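Beneath this line is the structure, given in structure tokens, with notes to follow.
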Amino acid sequence: MTTEIKAPVKVVAVFDYSIRPARFKWNDRVFEIKEVTHTWRSTQGISTIVHFSATDGANLYELAYNATTMKWMLEAVS
């Protein structure tokens, strides 16, 4: 079951040739990302949003990075 969250989160990310989240903080807890399983892009007005499906080994999270505002959102957990 997927639960929609839509909450801002703080993310530690690796910027190499692309961007990859490494861990994020939500509700005063830090979640280590073990694997990014899927990445896709969408647009929101003039902003490009980069979406990540990522797992910590127990749950699957959808994180979204707004390339214009440089802010992260936790979209959903399953």
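Being a predicted model, the structure only gives us computed values, none of them experimental. Throughout, numbering of the chain's residues begins at 1 and tracks the sequence.
- If you take CD on Glu35 and OG on Ser53, they are separated by 10.0 Å, rounding to the nearest 0.5 Å.
- The two atoms that bring Glu32 and Asp56 nearest to each other are O-CB, 3.1 Å, heavy atoms only.
- Nearest heavy atoms, Val9 versus Lys25: CB-O, 3.5 Å.
- For the pair Leu74/Tyr61, a side-chain contact is recorded, criterion being any heavy-atom separation below 4.5 Å from C-beta on.
- Ile33 has its side chain within reach of Phe24: a pair of non-hydrogen atoms, C-beta onward, lies under 4.5 Å apart.
- Hydrophobic clustering keeps Met73 apart from Trp40 (ILVMFWY residues linked when any side-chain heavy atoms are closer than 4.5 Å, directly or through intermediates).
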Requested in this report: For the pair Thr39 and Val50, evaluate side-chain contact (heavy atoms from CB on, under 4.5 Å) and give the outcome as yes or no after the intermediate values.
Outcome: CA-CA 7 Å; Thr39 304; Val50 185; 3.9 Å; yes
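- The closest donor-acceptor contact from the side chain of Thr55 to the backbone of Gly57 lies under 3.5 Å.
- Residues Val14 and Arg20 form a side-chain contact, since some pair of their non-hydrogen atoms from C-beta on lies under 4.5 Å apart.
- Side-chain contact between Tyr65 and Met70: present, with at least one pair of heavy atoms (C-beta onward) separated by less than 4.5 Å.
- Judged by distance alone, the side chains of His51 and Glu75 never bring a donor and an acceptor atom under 3.5 Å apart.
- Counting all heavy atoms, side chain and backbone alike, Asn66 lies closest to Thr68 at OD1-N, 2.8 Å.
- Expressed to the nearest 0.5 Å, how far NZ of Lys10 lies from NZ of Lys71 amounts to 9.0 Å.
- With rounding to the nearest 0.5 Å, the separation of CD in Glu62 from NE2 in His38 is 9.5 Å.
- Looking only at side-chain heavy atoms (C-beta outward), Thr37 and Leu60 come within less than 4.5 Å of each other.
- Between Trp26 and Phe31, the ring-plane angle classifies as tilted under the 30° and 60° cut-offs.
- With a 4.5 Å cut-off on side-chain heavy atoms, Val36 and Pro21 count as touching.
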